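Reminder, nothing fancy here: chain letters follow the sequence lines and each chain counts from 1. Since the structure is predicted, the reported quantities are computational estimates derived from the model, not experimental observations.
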2 protein chains.
Amino acid sequence: MTSVDEPARPNGRIRDAVRTQAEILDVATQEFARAGYDGARVDEIAARTRTTKRMIYYYFGGKEQLFTAVLERAYGVIREAEQGLDVEHLDPVAAIRKLAEVTFDHHEQHPDFIRLVSIENIHEAEHIAASEKLGKIGSPALDVISRILATGQESGLFTADVDAVDLHAMISSFCFFRVANRHTFGALFGRDLTDPDRREHYRAMLGDMVIAYLTAERTTD
Amino acid sequence: MTSVDEPARPNGRIRDAVRTQAEILDVATQEFARAGYDGARVDEIAARTRTTKRMIYYYFGGKEQLFTAVLERAYGVIREAEQGLDVEHLDPVAAIRKLAEVTFDHHEQHPDFIRLVSIENIHEAEHIAASEKLGKIGSPALDVISRILATGQESGLFTADVDAVDLHAMISSFCFFRVANRHTFGALFGRDLTDPDRREHYRAMLGDMVIAYLTAERTTD
DNA sequence: TCACTAATGTACGAACCAGTACGTTAGCTA
DNA sequence: TAGCTAACGTACTGGTTCGTACATTAGTGA
């Protein structure tokens, strides 16, 4: 994530605003994801960087703004991943399944991001609201879904009455829950939703679910 | 002039251990749900009861145990609701749809419970693990799902390869996400998942999704 | 090379907050 | 009715934690 172009430094302070900020963001992401907003300790973040607490306030202003910056970067990562989506050469069914699988994989590979989103929801998205970047970040995935959905619905293959936002919610629900709630679910029902042995099962389940929903014969009234 | 909602009592303190504990749990539930575990303030909980902080420690021992007690009661409520389920006189398709709708409604009606579950997952279910009650609480809903699923699969109506736990996860995902993540989802995509005007749409969407999944024609390889 | 500024480090303070020591009283029962 | 104990209140403490005042240095441009 951080570019590695720094050779060995002899001694004393090095000055590199970009690297210092990136390092603070890296560690802050871990700390906020680990402990939540109120559980996170600014001193702990500082201790785990090569700089001091002073610099966190110098660059970010405060704990709130630091958390906002962490969110901004985290959402930036998923947005980039979505921009790399390449499914529109497939037929609608295969395209949607692929998209669901990519979403599934992304959630699995970024549990810290999932935790940050949970935390931000506990705080009723106040940091997103306070962020200028995040307000208008948009979602490339939504555009992709829109186009696939249009193709599928035109051809009569997709019968469901959904738009891209709703379908995105459906897919995200399953992927998010599986990662975010695995602890309580595991403790209460004795099943680890993220057990690698069951990974393919759930991945297929998600795809089957979405496709079945989209292509089901409707008993219209 | 004090408002008298209790039967005539001379003056000063009243003594009622049961009521005091219940009141602490009520307020603590709100406070923990509002602010998360670390964000919640014991002093704030005490201030909003008719008793003092001393009694929280007297009855519950500490903040951790209080949170555990809050979780125990919250899970008790959902368990009771599940025991009231009466869907097994319906045919499998109608029964599953009804069950999904009941789950949907319960999530919508208990946003504080949803928040507590999110919070407990941030803490990796450590309080559930520490609770003797919650370890073996079981789930009446799971038994109901099992039986409906068996009926549906025997008759060949249900073709999907799922068990009760997986189906429960699928249904819960959607219901949970819609409530828990409504803030970030709304902020990012401009759609309020809990808008009353869209309530029926999502309720139907959930039922359609689950039934479509269970009854889809399988292209077995 | 000299001055200026961005970047950094140290030390500290003030508020907050979980938890407790100690004292008091209501209500029951012997 | 005396005495006992569960139930309650007050006032405080010790540690924690966000934030900052003040001091310092690296690098840059004139």
With respect to the side chain of B:Arg15, which nucleotide from C:dT25, C:dA7, D:dT20 is positioned closest?
-> C:dT25

Establish, with yes or no, whether the OP1 or OP2 oxygen of C:dG9 is under 4.0 angstrom from a side-chain nitrogen or oxygen of A:Thr51.
-> yes

Below 4.0 angstrom from OP1 or OP2 of C:dC17, is there any side-chain N or O of B:Arg41?
-> yes

Measure from the side-chain heavy atoms of B:Met55 and tell me the nearest of C:dC17, D:dG9, C:dG9.
-> D:dG9

When you get a sec, tell me which of D:dT10, D:dT20, D:dA7 is the closest nucleotide to the side chain of A:Lys53?
-> D:dT20

Rounded to whole Å, CZ of A:Phe60 lies from P of C:dA7 at a distance of 12 Å

Check whether any side-chain nitrogen or oxygen of A:Thr20 sits under 4.0 Å from OP1 or OP2 of C:dT8, and answer yes or no.
-> yes

So does B:Arg54 reach the base of D:dG9 with its side chain, donor to acceptor, closer than 3.5 Å?
-> yes

Ring centroid separation A:Phe113 to A:Tyr75 under 6.0 Å | yes

To the nearest angstrom, how far is B:Tyr59 atom OH from D:dC8 atom C1'?
-> 8 Å

CG of B:Leu66 to OG1 of B:Thr29, rounded to nearest 0.5 Å, is 8.0 Å

Find the distance A:Arg50:CZ to C:dT8:P and express it as a whole number of Å.
-> 11 Å

When rounded to whole Å, the NZ to P distance for the pair B:Lys63 and C:dC16 reads 15 Å

note: B:Tyr57, atom OH; D:dC12, atom P; distance rounded to Å ~ 18 Å

Mind calculating the distance between CG (B:Asp43) and P (D:dA11) to the nearest angstrom?
-> 14 Å

With heavy atoms under 4.0 Å as the rule, sort B:Ala46 into base, sugar-phosphate or nothing.
-> nothing

Salt bridge check: are A:Arg191 and B:Asp163 linked by an N-O gap of less than 4.0 Å?
-> yes

Can you tell me how far P of C:dC16 sits from CG of B:Asp38, to the nearest Å?
-> 18 Å

Testing D:dA7, C:dG9, D:dG19 for proximity to the side chain of B:Tyr58, the answer is D:dA7

With the side chain of B:Val42 defined as its heavy atoms from C-beta on, choose the nearest nucleotide among D:dT17, C:dA18, D:dC8.
-> C:dA18

In whole Å, what is the span from the CD atom of A:Glu23 to the P atom of C:dT8?
-> 10 Å

Compute the ring centroids of A:Phe32 and A:Tyr37, then answer whether they are less than 6.0 Å apart.
-> yes

Are A:Asp112 and A:Arg34 ion-paired here, with the side-chain N under 4.0 Å from a carboxylate O?
-> no

